[in-house]
Q: 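Before I ask anything, let me first share the structure, which is written out below as structure tokens.
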Amino acid sequence: MPEEESGTPHWLFGDQLGPHFVDPARGGPHRDAPLLMIESRRVFGRRRFHRAKAHLVLSAMRHRAAELGDRVRYVKAGTYREGLREAVGDGPVTVRHPTSHAALAFVRGLPSVRVLTAHGFLVTHDEFRTWADGRGTKHLRQEDFYRWVRRTHDLLMEGDDPAGGRWNLDHDNRRPPPRGATALGVPAPYRPRESDIDAEVRSDLDRWSREGDVEFVGEDAPRRFPATRREALAALRRFTEHRLTTFGAYEDAVLAEDATMSHSLLSSSLNLGLLDPAECVERAEARWRSGDVPLNSAEGFVRQIAGWREFVWHVYWYFGARYREGNALRHHGALPGWFTELDGEGTGANCLTHTLDQVRTTGWTHHIPRLMILGSHALQRGWDPAAVTDWFHRGFVDGYDWVMVPNVVGMSQYADGGRMTTKPYTSGGAYIDRMSDLCGPCRYKPSVRVGEDACPFTAGYWNLLHRHRDRFEHNARMTRAVRGLDRLTDLGELLEQERDRRD
């Protein structure tokens, strides 16, 4: 940055909170540039967010402002535009590339704002565009991208080959929970201690609610996720040193009494910008190379960050702002009240009850309950994918527009028609029964598809295949499943049952 711009203020969004976002060596502002942070109340007033998410974001922002001291001006305002006007008037300001299409359009529409390159990811927009354009197809696959990232960033490589001789160790990472166990028995994840700032944020949220400015869903106390760089590093250290070993084998398993299993719980820290993805994957690889962690666990974690997280970020930008409007299956059903209110008791199905209860109390579940319970149910019931996307965005502490649009529109709801995944991610109750301990206490039976005991996932799965048979039977990965419809002697009864079934 030219020396004459050293006094230009730099605006930090609430998901750009790590020191790497202001590092001049990484394309950040001049080291002497004053910093600006704007807390916009309208962000939380437009839609009903999970209270734990609102608390975490505001706590992280205020903690960062306290760390920066006199270098930052922290403005509390009704809107970003009002805060910007109060802080700099019509003067120039720089800002990192924001993380949503709406925010990018907003800052680009301000004549005094100069947008710097995006940060917080391993691959740049230009690098991804070159990779994607060179494929000569509208369909992008995470596996291909992941291998390219591993090669270009020398992650878990032995020369030109993947460590262990295989790129993908998913086969080793799909074990069901240990038989009879109620918990994995690993050390608990890092838990932060709340500060006076947390209490202040909670008081403000209470006041905003009383004044009618905002309305939340879910619970926020106590804070479970890091709000500072120091806390995030402690969480990363605890995961890699005490929990990563068993992560791989059981990353797809679900236990009712062990919500976190061996998962890292680092997604919110990464998405707030408190951690850089490079330091996360490098630390996991170092643990493997030192012999402390098995390869399948290190690879599974690296795949989540260097593979899926990177892929989702770039798909969001590469496919453009209208990607969110995809509805290839023409689903338009409204989300029922028990779902939007996180009322687990309103479902009857134990897996849904348990998962919604966890979302209500924590604002988090790991990827299998999200994808194969919540998302799968929404897909089977034919709910509007835009509404489902918005619900996931608002309801999870790590949910951002760039995260949820590809994850829900593309992967969970197959609303893009297969542009980023090869098939819909859904199943009958047998999968949930195999990978969890949630079906035993349930009033429904995963093997039953018709009648009072019929599992809504088992019946819903076959109903979905029938409803979209013309599309799915031409999908090579689904042909065999679709042909299974012809073997169902009770298909007529099942379809009638599902027409009458309430959500």
Side-chain angles (χ1 to χ4, degrees), residues 18 121-122 142 146 149-150 153-158 162-178 181-192 224-226 229-255 257-272 274-312 362 364-371 397-398 435-436:
F121 295 86
L122 299 172
Q142 183 265 352
Y146 172 62
V149 173
R150 289 267 300 273
H153 289 263
D154 195 27
L155 289 171
L156 292 177
M157 298 294 292
E158 294 174 337
R166 288 185 294 156
W167 292 103
N168 187 325
L169 297 180
D170 274 357
H171 179 75
D172 303 322
N173 290 355
R174 292 174 176 166
R175 292 176 60 180
T182 59
L184 281 185
V186 298
Y190 172 83
R191 287 290 295 271
R224 299 170 181 269
F225 302 92
R229 168 73 172 169
R230 178 177 293 179
E231 290 178 346
L233 287 173
L236 173 61
R237 183 166 55 251
R238 183 161 181 82
F239 170 67
T240 55
E241 293 181 3
H242 300 289
R243 297 168 54 79
L244 177 57
T245 298
T246 51
F247 167 72
Y250 298 110
E251 65 175 296
D252 286 358
V254 180
L255 284 171
E257 300 301 320
D258 190 355
T260 59
M261 305 287 280
S262 288
H263 290 270
S264 72
L265 281 72
L266 296 175
S267 54
S268 61
S269 297
L270 280 160
N271 295 349
L272 285 168
L274 298 173
L275 292 176
D276 187 272
E279 66 188 336
C280 295
V281 295
E282 288 167 2
R283 189 166 299 197
E285 179 170 5
R287 293 288 291 169
W288 167 69
R289 293 197 180 278
S290 67
D292 297 310
V293 165
L295 179 58
N296 67 304
S297 286
E299 192 276 327
F301 181 64
V302 168
R303 174 183 293 272
Q304 284 193 338
I305 295 179
W308 192 249
R309 182 176 186 269
E310 291 286 320
F311 188 61
V312 161
T362 69
W364 181 91
T365 64
H366 74 74
H367 64 282
I368 292 300
R370 296 192 200 198
L371 181 66
V397 294
D398 53 7
M435 297 304 296
S436 80

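Values below: all heavy atoms of this structure, side chains included; hydrogens, waters and symmetry mates excluded. Being a predicted model, the structure only gives us computed values, none of them experimental.
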Q: Measuring from Glu251:CD to Arg175:CZ, what's the distance to the nearest 0.5 Å?
A: 12.5 Å
Q: After noting the C-alpha distance and the side-chain angles of Leu244 and Ser297, does the key distance pass the side chain to side chain contact (heavy atoms under 4.5 Å, CB included) rule?
A: CA-CA 6 Å; Leu244 177 57; Ser297 286; 4.3 Å; yes
Q: Would you check, one step at a time, whether the test side chain to side chain contact (heavy atoms under 4.5 Å, CB included) holds for Trp364 with Arg224?
A: CA-CA 10 Å; Trp364 181 91; Arg224 299 170 181 269; over 6 Å; no
Q: Determine whether Pro294 and Thr245 make a side-chain contact, defined as any pair of heavy atoms from C-beta on separated by less than 4.5 Å.
A: yes
Q: About how many Å separate CZ of Arg283 and CG of Leu236, when rounded to the nearest 0.5 Å?
A: 4.5 Å
Q: Find the distance between OG (Ser269) and CZ (Phe239) and round it off to the nearest 0.5 Å.
A: 12.5 Å
Q: Once rounded to the nearest 0.5 Å, what's the spacing between atom CG of Leu270 and atom SG of Cys280?
A: 4.5 Å
Q: More than 12 heavy atoms of other residues, nucleotides or ligands under 6.0 Å from CZ of Arg230: yes or no?
A: no
Q: How far apart are the closest heavy atoms of Leu274 and Arg229, and which atoms are they?
A: O-NH1, 2.9 Å
Q: Just how far is it from atom CZ of Arg166 to atom CG of Leu295, taken to the nearest 0.5 Å?
A: 8.0 Å
Q: Show your reasoning for whether salt bridge (charged side-chain N to carboxylate O under 4.0 Å, His left out) applies to Asp398 and Arg309.
A: CA-CA 12 Å; Asp398 53 7; Arg309 182 176 186 269; over 6 Å; no
Q: Taking the side chain as every heavy atom from C-beta outward, state whether Leu184 and Met261 have any pair of such atoms under 4.5 Å apart.
A: yes
Q: Can you find a pair of side-chain heavy atoms, one from Asp172 and one from Glu299, that are under 4.5 Å apart?
A: no
Q: I'd like to know if the side chain of Asn173 and the backbone of Asn296 have a donor-acceptor N/O pair within less than 3.5 Å.
A: yes
Q: Would a 4.5 Å heavy-atom cut-off, applied to side chains only, mark Leu233 and Leu275 as touching?
A: yes
Q: List the atom of Ala259, the atom of His366, and the distance in Å for their closest heavy-atom pair.
A: O-CD2, 3.9 Å
Q: Closest approach of Leu156 and Trp288, non-hydrogen atoms and distance?
A: CD2-CE3, 3.7 Å
Q: Taking the side chain as everything from C-beta on, heavy atoms only, tell me whether His242 gets closer than 4.5 Å to Val186.
A: no
Q: Looking only at heavy atoms, which two atoms of Ala235 and Pro226 are closest? And how far apart?
A: CB-CG, 3.9 Å
Q: Could you give the distance from OH (Tyr190) to CG (Leu265), rounded to the nearest 0.5 Å?
A: 12.5 Å
Q: Kindly check if the number of other-residue, nucleotide or ligand heavy atoms within 6.0 Å of CD (Glu257) is above 12?
A: no
Q: Locate the shortest heavy-atom distance separating Leu122 from Ala306; write the atom from each residue and the value.
A: CD1-CB, 3.8 Å
Q: Main chain of Thr365, side chain of Arg370: is a donor-acceptor contact present, judged purely on distance under 3.5 Å?
A: yes
Q: Look at the rings of Phe247 and Phe301 and say which category their plane angle falls in: under 30° parallel, 30 to 60° tilted, over 60° perpendicular.
A: perpendicular
Q: Do His153 and Val302 come within less than 4.5 Å of each other through their side chains, counting heavy atoms only?
A: no
Q: Residues in salt bridge (charged side-chain N to carboxylate O under 4.0 Å, His left out) with Asp170, at least two apart?
A: Arg174, Arg303
Q: Could you tell me whether the side chain of Ser262 reaches within less than 4.5 Å of the side chain of Tyr250, counting heavy atoms only?
A: no
Q: So which atom in Phe225 and which in Val397 form the shortest heavy-atom distance, rounded to 0.1 Å?
A: CE1-CG2, 3.8 Å
Q: Any donor-acceptor pair under 3.5 Å linking the side chain of Arg287 with the backbone of Thr240?
A: yes
